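Working notes for the structure below.
FYI, the numbering just counts along the sequence from 1. Bear in mind that the values here come from a model prediction, so they are computed numbers and not experimental data.
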Amino acid sequence: MLTSLAGPFPAFDVDLTPDEPRELFSDWLRDAIAAGIREPHAMVLSTVDESGVPDARVLILKNLDHRGWHFATTGNGPKGRQIAQNPTVALTFYWPVLGRQVRLHGMALQAEVHERDADFRARAPGAKAVAMVGRQSEVMGSRQELDDALFLQSRRLQEEPDLVSPSWALFIVMPHDVEFWQGDSERRHHRLRYKREKAGWIKEQLWP
């Protein structure tokens, strides 16, 4: 039988948590990095399609600032189209070695054009070529089609290194609630939820 939540896990004192969630998230991310967790900035982005069907996939957190959590994607792919229809999204982080999970809900808003352009230009050459092809999630006839399209876009980028894919998008998720979940081997989990109010953030403890 596979084990789960075997521990030991870090202690979590709710009384010592900061007044807003970004600071606590940054602390937990640093702990994940220090623990040697691979790709600690990986997260699940959940959206809803035009039929109301939930959709989820793993992405990489690009940045975190006073506005929110940043991620980038092809704007004309499924993620971009779904967000254009319904910008309410959810993000989920999970660091199993630490028994920690962070969940947040919020609005995904597009970043400024100069931020989007800088993000695209900082990508690896191969990643830029894939984005320039701009056919994410379409049915593909053969791998040769992909190879040919990538060759053309790679050559184009070599000739025009400052090009930015017109469909590239950088989103910032501005959360209205963020939950921090600290697992416990005896299932006495700690759950702390931050909720945004007009006057700022309030903190609530939740039952396991």
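- At most 12 heavy atoms of other shown residues, nucleotides or ligands fall within 6.0 angstrom of atom CD in Glu39.
- Test Val58, Leu61, Leu59 against Leu45 for side chain to side chain contact (heavy atoms under 4.5 Å, CB included) and you get one pass: Leu59.
- Arg123 places a side-chain heavy atom less than 4.5 Å from the side chain of Trp168.
- Donor-acceptor pairing under 3.5 Å is recorded for the side chains of Asp148 and Gln144.
- Tyr194 has its ring centre less than 6.0 Å from the ring centre of Phe180.
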task = List the steps, then state whether salt bridge (Lys or Arg N to Asp or Glu O under 4.0 Å) holds for Arg81 with Asp49.
result = CA-CA 8 Å; Arg81 294 196 303 270; Asp49 70 12; over 6 Å; no
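- The one candidate from Arg57, Lys79, Gln85 that meets the side-chain hydrogen bond (donor to acceptor under 3.5 Å, both in side chains) condition with Thr47 is Arg57.
- Formation of a donor-acceptor pair under 3.5 Å by the Glu145 side chain with backbone atoms of Gly141 is found in this model.
- Partner Leu24 forms a side chain to side chain contact (heavy atoms under 4.5 Å, CB included) with one of Thr17, Val102, Leu29 and no other, that one being Thr17.
- Note that CZ of Arg116 and OG of Ser165 are 8.0 Å apart. Values are rounded to the nearest 0.5 Å.
- Checked by atom type and distance alone, the side chain of Gln182 pairs as donor or acceptor with a backbone atom of Leu98 at under 3.5 Å.
- Every residue two or more places apart in sequence or in another chain was checked for a side chain to side chain donor-acceptor pair (under 3.5 Å) with Glu159, and none qualifies.
- More than 12 heavy atoms of other residues, nucleotides or ligands sit less than 6.0 Å from atom CZ of Arg187.
- Under the 4.5 Å side-chain heavy-atom criterion for ILVMFWY residues, no single connected hydrophobic cluster contains both Ile60 and Leu91.
- Between Asp147 atom CG and Ser142 atom OG the span is 8.0 Å, to the nearest 0.5 Å.
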task = Carefully, step by step, assess His189 and Leu5 under the rule side chain to side chain contact (heavy atoms under 4.5 Å, CB included).
result = CA-CA 10 Å; His189 310 311; Leu5 294 175; 3.5 Å; yes
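- Side-chain heavy atoms closer than 4.5 Å link hydrophobic residues (I, L, V, M, F, W, Y) into clusters, and following such links, even through other members, never connects Val97 to Phe9.
- Between Glu115 and Arg67 there is a salt bridge, since a side-chain N of the basic residue sits under 4.0 Å from a carboxylate O of the acidic one.
- Residues Asp19 and Trp201 come closest through the heavy atom pair O-CB, 3.6 Å.
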task = Test Leu109 against Met174 for side chain to side chain contact (heavy atoms under 4.5 Å, CB included), laying out the working first.
result = CA-CA 8 Å; Leu109 306 177; Met174 303 180 65; 3.3 Å; yes
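- The distance from atom CD1 of Ile83 to atom CZ of Phe171, rounded to the nearest 0.5 Å, is 4.5 Å.
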Check against salt bridge (Lys or Arg N to Asp or Glu O under 4.0 Å), Asp27 and Arg30 = CA-CA 5 Å; Asp27 289 342; Arg30 282 191 289 268; 2.5 Å; yes
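- A side-chain donor-acceptor contact under 3.5 Å links Arg196 to the backbone of Pro175.
- Note: the hydrophobic cluster containing Leu152 does not contain Met132 (ILVMFWY, side chain heavy atoms under 4.5 Å, direct or indirect links).
- Nearest heavy atoms, Trp95 versus Pro40: NE1-O, 2.9 Å.
- For the salt bridge (Lys or Arg N to Asp or Glu O under 4.0 Å) test with Glu179, the passing option among Arg193, Lys203, Arg103 is Arg103; the others fail.
- Under a hydrophobic-cluster definition in which Ile, Leu, Val, Met, Phe, Trp and Tyr are linked whenever side-chain heavy atoms come within less than 4.5 Å, directly or via other members, Val133 and Met140 are assigned to the same cluster.
- Judged by distance alone, the side chain of Glu20 and the main-chain N or O of Arg22 form a donor-acceptor pair under 3.5 Å.
- To the nearest 0.5 Å, atom CE of residue Met43 and atom CG of residue Leu104 are 8.5 Å apart.
- Heavy-atom minimum distance, Ile172 versus Ala111: CD1-CB, 3.9 Å.
- His105 places none of its side-chain heavy atoms less than 4.5 Å from the side chain of Val89.
- Between Lys128 atom NZ and Leu157 atom CG the span is 6.0 Å, to the nearest 0.5 Å.
- Using a 4.5 Å cut-off on side-chain heavy atoms (C-beta onward), Leu170 and Gln110 make no contact.
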message = Does Val48 form a side chain to side chain contact (heavy atoms under 4.5 Å, CB included) with Gln82? I'd like the steps, not just the answer.
response = CA-CA 6 Å; Val48 177; Gln82 290 166 7; over 6 Å; no
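- Here the NE2-CG distance, from His41 to Asn63, works out to 11.5 Å after rounding to the nearest 0.5 Å.
- Shown here for Arg100 and Pro10, the closest heavy-atom pair between the two residues is NH2-CB, 3.5 Å.
- Residue Glu138 places its CD atom among more than 12 non-hydrogen atoms of other residues, nucleotides or ligands, all under 6.0 Å distant.
- Residues Phe120 and Ala131 approach most closely at CE1-CB, 3.6 Å, considering heavy atoms.
- Each of Trp28, Phe25, Trp181 was scored for a ring-ring contact (aromatic ring centres under 6.0 Å, His included) with Phe93, with one residue passing: Phe25.
- Using a 3.5 Å distance cut-off with no hydrogens or angles, the side chains of His190 and Asp184 do not pair a donor with an acceptor.
- Between the side chain of Ser185 and the main chain of Ala6, a donor-acceptor pair closer than 3.5 Å is present.
- Proximity of Leu64 to His70: side-chain heavy atoms (C-beta onward) are nowhere separated by under 4.5 Å.
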